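Sequence positions, counted from 1, serve as the residue numbers for this chain. Bear in mind the structure is a predicted one, so any value in this text is a computation, not a measurement.
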Amino acid sequence: MMQRKLALLVGIGALAILLMLKWEHVITLINGEKASVQFALQPRQRTPTDTITPIPFSRHLMVSAFKDHRLGGAIRAKVHQHSDDFGFPFVTSDVLCLSPALQQATRVSITANPYAFHNLTFLSIQNQEVKESFKYNFTVCISNLFGVYNNALQFAQTMEVYKLIGVQRVVIYNTSCGPDVEKILKYYSKEGMLEVVPWPIDKFLKPSTGWSYDLHHGDIHYYGQLTTLNECIYRYMYQSKYLLMNDIDEIIMPYKHANLENLMGILQQQRPNAGVFKIENHIFPKTQFDDSGRFRLPRWRSVPGVNILEHVYREPDRKHVFNPTKVLINPRSVEQTSVHTTLKQFGLVFNVPFDVCRIIHVRVPLQGQLSKDQLFVDKKLWEFEKLLIPSIDRALNESGVL
C-alpha cells in the first residue's frame, strides 16, 4: 500500500526528513554495515543549497538528517507517519533507525531498493552532540514563502519588532517571493539575523496554496509547511533555547512583560515541566485603519505591503468558534509538530492566557461584517515607536527598498 506522508527521520543512530507518498512501499534505511561501506568509498553528498533530494526507486523525497539523542530502544528502521496531513497525498513522517552500528555515522542515505546501494546521495547527519548552552535564546521559524509574496513593509516592520522583544534569529523557508521582499531577505541575511533556507518544493511536487485538500488540491499542504516546521525544530534544537512557530504576518507578543525573556522566565517558573506554550491568535483587520493617521508616513507609501502600525483594531473572539493557536516551544521537548499544536512532546503543554501573551495577526478580516466600533482598540505596537520607526527606516533604506 502506498504511503502519502512526508517522513522525518529521527533516531540516535541517524535521522532524516522525507516527503512520502501514501500507497507506495515503505522506504528502507540502509543498515549500519552497508552504510559504513558507502562512507568508506567517499559517497556523493549533496550541496548545501540542495535541500530536497529524490529517493531512488520511489516518489519519496529526502529533506534532512539529524541525530536524536532523546530516543532509544529500537534496532531496525521504523517509519512513524505524522497524524496531520490535511488530506493531501504527501505528508511528513519520521523514520527512526537506532542501530548501534550507526552511533558513529556522519552521513546517511535512504533507498526503496534494499539491493541498490550504488550511486546514492548521502545527507550529513546534524546534531551530532548535545549542547547545554545555546547561540540564540529566541528563534522564529517561518514555514514558507511562495508565489510573488511582496509584502515588504510588513515584513521589515515585523523583523524590527522581533528585535525589540528579544528575538535573535529568524528562519525562513523560501520557494519564491517578490522583488522587494527579496531585497529585505538579503538585508537581514547580511545583517546576520536571518537564515534563508532554499525550499524548491515546486520542482518536485505540485504544492497547494491553501490548507485544505478539498478546497485547494495539490500534492502537499501549503508548500510543505508541516515539513519545514518540523525541519526547523531539529535544525535549531541545539542552537536556540526557544522557538516561536508562527507565520510571516504574525507576531507572538508579550503583553504583561517587556520582552520574551521576561515572559518565559515567569512562565517556566510557574510551569517548570512545560515545554510547549500555546499562544492564541488574534486578528487585526487590515481593512480598518487608525483614524489619526499618526503612522501614515509619506516616505513609506512607495513600499509595497501593509503598514501594521495603522491597524490597531482587533476582532473579538467568536462564540463556539475555535480560536487557533501557534506555539512557543523548547525544541528539545518536541518530537513532532503540526501548525497549531505539537503532535508529540516529552513535557507538558500550557495554554498561555490571552492577557499575558497573544499573537498580533494583521491580515484580511475573518469578521468583515463588524464595524469599527465593534472591534477592540489594541495599540500595543505603538509602545515601541521611539526605537521602532528609526530601525524600520534604516532597514528600508539600506536594503534598497526605499
Side-chain angles (χ1 to χ4, degrees), residues 140 142 149-165 167 181 184 210-211 244-260 263 278-328 339-340 351-393 395-396:
V140 176
I142 297 175
Y149 184 86
N150 204 37
N151 192 347
L153 182 56
Q154 182 170 359
F155 181 33
Q157 291 175 331
T158 300
M159 289 290 285
E160 295 303 327
V161 172
Y162 285 158
K163 292 179 184 178
L164 295 175
I165 61 175
V167 171
V181 166
I184 300 291
W211 66 272
L244 292 73
M245 316 293 287
N246 55 263
D247 292 344
I248 195 169
D249 57 355
E250 298 173 333
I251 300 173
I252 293 178
M253 175 62 68
Y255 271 72
K256 284 193 171 181
H257 305 87
N259 50 50
L260 291 167
L263 167 71
K278 297 175 71 172
I279 315 294
E280 286 187 12
N281 185 36
H282 289 268
I283 306 301
F284 290 64
K286 67 178 184 179
T287 53
Q288 297 287 2
F289 293 79
D290 164 54
D291 292 328
S292 72
R294 177 175 173 179
F295 295 102
R296 198 169 300 143
L297 305 181
R299 60 185 179 276
W300 291 353
R301 290 176 184 171
S302 63
V303 181
V306 176
N307 181 353
I308 61 176
L309 295 171
E310 290 193 273
H311 304 290
V312 296
Y313 293 93
R314 173 169 47 84
E315 290 185 353
D317 285 340
R318 294 169 291 173
K319 291 183 178 180
H320 313 299
V321 175
F322 170 70
N323 188 12
T325 60
K326 293 296 172 67
V327 291
L328 193 163
V339 179
H340 301 292
N351 293 306
V352 179
F354 155 83
D355 62 329
V356 174
C357 181
R358 56 181 174 263
I359 295 174
I360 296 175
H361 191 181
V362 180
R363 50 155 290 167
V364 296
L366 292 182
Q367 303 177 66
Q369 78 282 3
L370 298 181
S371 61
K372 187 177 288 187
D373 59 3
Q374 293 176 295
L375 304 174
F376 295 103
V377 176
D378 187 335
K379 298 180 179 180
K380 178 64 178 180
L381 291 177
W382 288 15
E383 296 177 11
F384 302 97
E385 175 184 2
K386 185 175 180 180
L387 295 175
L388 183 58
I389 302 303
S391 65
I392 295 171
D393 285 338
L396 295 175

(request) Output yes when Asp247 and Arg363 qualify as a salt bridge under the 4.0 Å nitrogen-oxygen rule, no when they do not. (result) no
(message) Are the side chains of Tyr313 and Val377 in contact, using a 4.5 Å heavy-atom criterion?
(response) yes
(message) Please identify which of these residues, Leu260, Ile142, Ile279, meets the side-chain contact (heavy atoms from CB on, under 4.5 Å) condition with Leu244.
(response) Leu260
(request) Flag the pair Leu388 / Leu309 as yes when at least one side-chain heavy-atom distance between them is below 4.5 Å, and no otherwise. (result) yes
(message) According to ring-ring contact (aromatic ring centres under 6.0 Å, His included), who are the partners of Phe295, at least two apart in sequence or on a separate chain?
(response) Trp382
(request) May I ask you to test the Ile248-Phe155 pair for a side-chain heavy-atom distance under 4.5 Å? (result) yes
(message) Would you say that more than 12 heavy atoms from the other residues, nucleotides or ligands in this model lie under 6.0 Å from the CZ of Phe376, or not?
(response) no
(message) Quick check for you: to the nearest 0.5 Å, what is the distance between Ile184 atom CD1 and Gln154 atom CD?
(response) 12.5 Å
(message) For the NE2 atom of His257 and the CD1 atom of Ile165, what is their distance to the nearest 0.5 Å?
(response) 13.5 Å
(message) For a quick test of reading the model, state the closest non-hydrogen atom pair linking Ile389 to Arg299 and the distance between them.
(response) CG2-NH2, 3.5 Å
(message) According to ring-ring contact (aromatic ring centres under 6.0 Å, His included), who are the partners of His311, at least two apart in sequence or on a separate chain?
(response) Phe289
(message) Any side-chain to backbone donor/acceptor pair from Gln374 onto Ser371? Under 3.5 Å, distance only.
(response) yes
(request) Please step through side-chain contact (heavy atoms from CB on, under 4.5 Å) for the pair Arg358 and Arg314, ending with a clear verdict. (result) CA-CA 12 Å; Arg358 56 181 174 263; Arg314 173 169 47 84; 3.6 Å; yes
(request) Show your reasoning for whether side-chain contact (heavy atoms from CB on, under 4.5 Å) applies to Trp300 and Glu310. (result) CA-CA 12 Å; Trp300 291 353; Glu310 290 193 273; over 6 Å; no
(message) Is the shortest side-chain heavy-atom distance between Pro365 and Gln288 below 4.5 Å?
(response) no
(request) Flag the pair Asp249 and Lys286 as a salt bridge only when some basic side-chain nitrogen lies within less than 4.0 angstrom of an acidic carboxylate oxygen. (result) no
(request) May I ask you to decide if Leu366's main-chain N or O and Glu315's side chain share a donor-acceptor pair within less than 3.5 Å? (result) yes
(request) Only one of Thr158, Ile308, Val303 passes side-chain contact (heavy atoms from CB on, under 4.5 Å) with Leu153; say which it is. (result) Val303
(message) Tell me whether Asn150 contacts the main-chain N or O of Val181 through its side chain, where contact means a donor paired with an acceptor under 3.5 Å.
(response) yes
(message) Return the CG to CG distance between Asn281 and Asn246, rounded to the nearest 0.5 Å.
(response) 9.5 Å
(request) Please examine the side chains of Ile359 and Ile252, heavy atoms only from C-beta on, and report whether any two atoms are closer than 4.5 Å. (result) yes
(request) Using ring-ring contact (aromatic ring centres under 6.0 Å, His included) as the criterion, list what pairs up with Phe354, not counting sequence neighbours. (result) His282
(message) Is any side-chain heavy atom of His361 closer than 4.5 Å to one of Glu250?
(response) yes
(message) In the structure I gave you, are the side-chain heavy atoms of Gln367 and Ile283 within less than 4.5 Å of one another anywhere?
(response) no
(request) Mind listing the closest non-hydrogen atom pair of Lys326 and Val339 along with its distance? (result) CD-O, 3.4 Å
(request) Flag the pair Lys256 / Asp355 as yes when at least one side-chain heavy-atom distance between them is below 4.5 Å, and no otherwise. (result) yes
(message) Show the nearest heavy-atom pair for residues Pro254 and Lys380, with the distance to one decimal.
(response) O-CE, 3.3 Å
(message) Is it the case that the side chain of Asn151 and the backbone of Val306 share a donor-acceptor pair, with hydrogens and angles ignored and the cut-off at 3.5 Å?
(response) yes
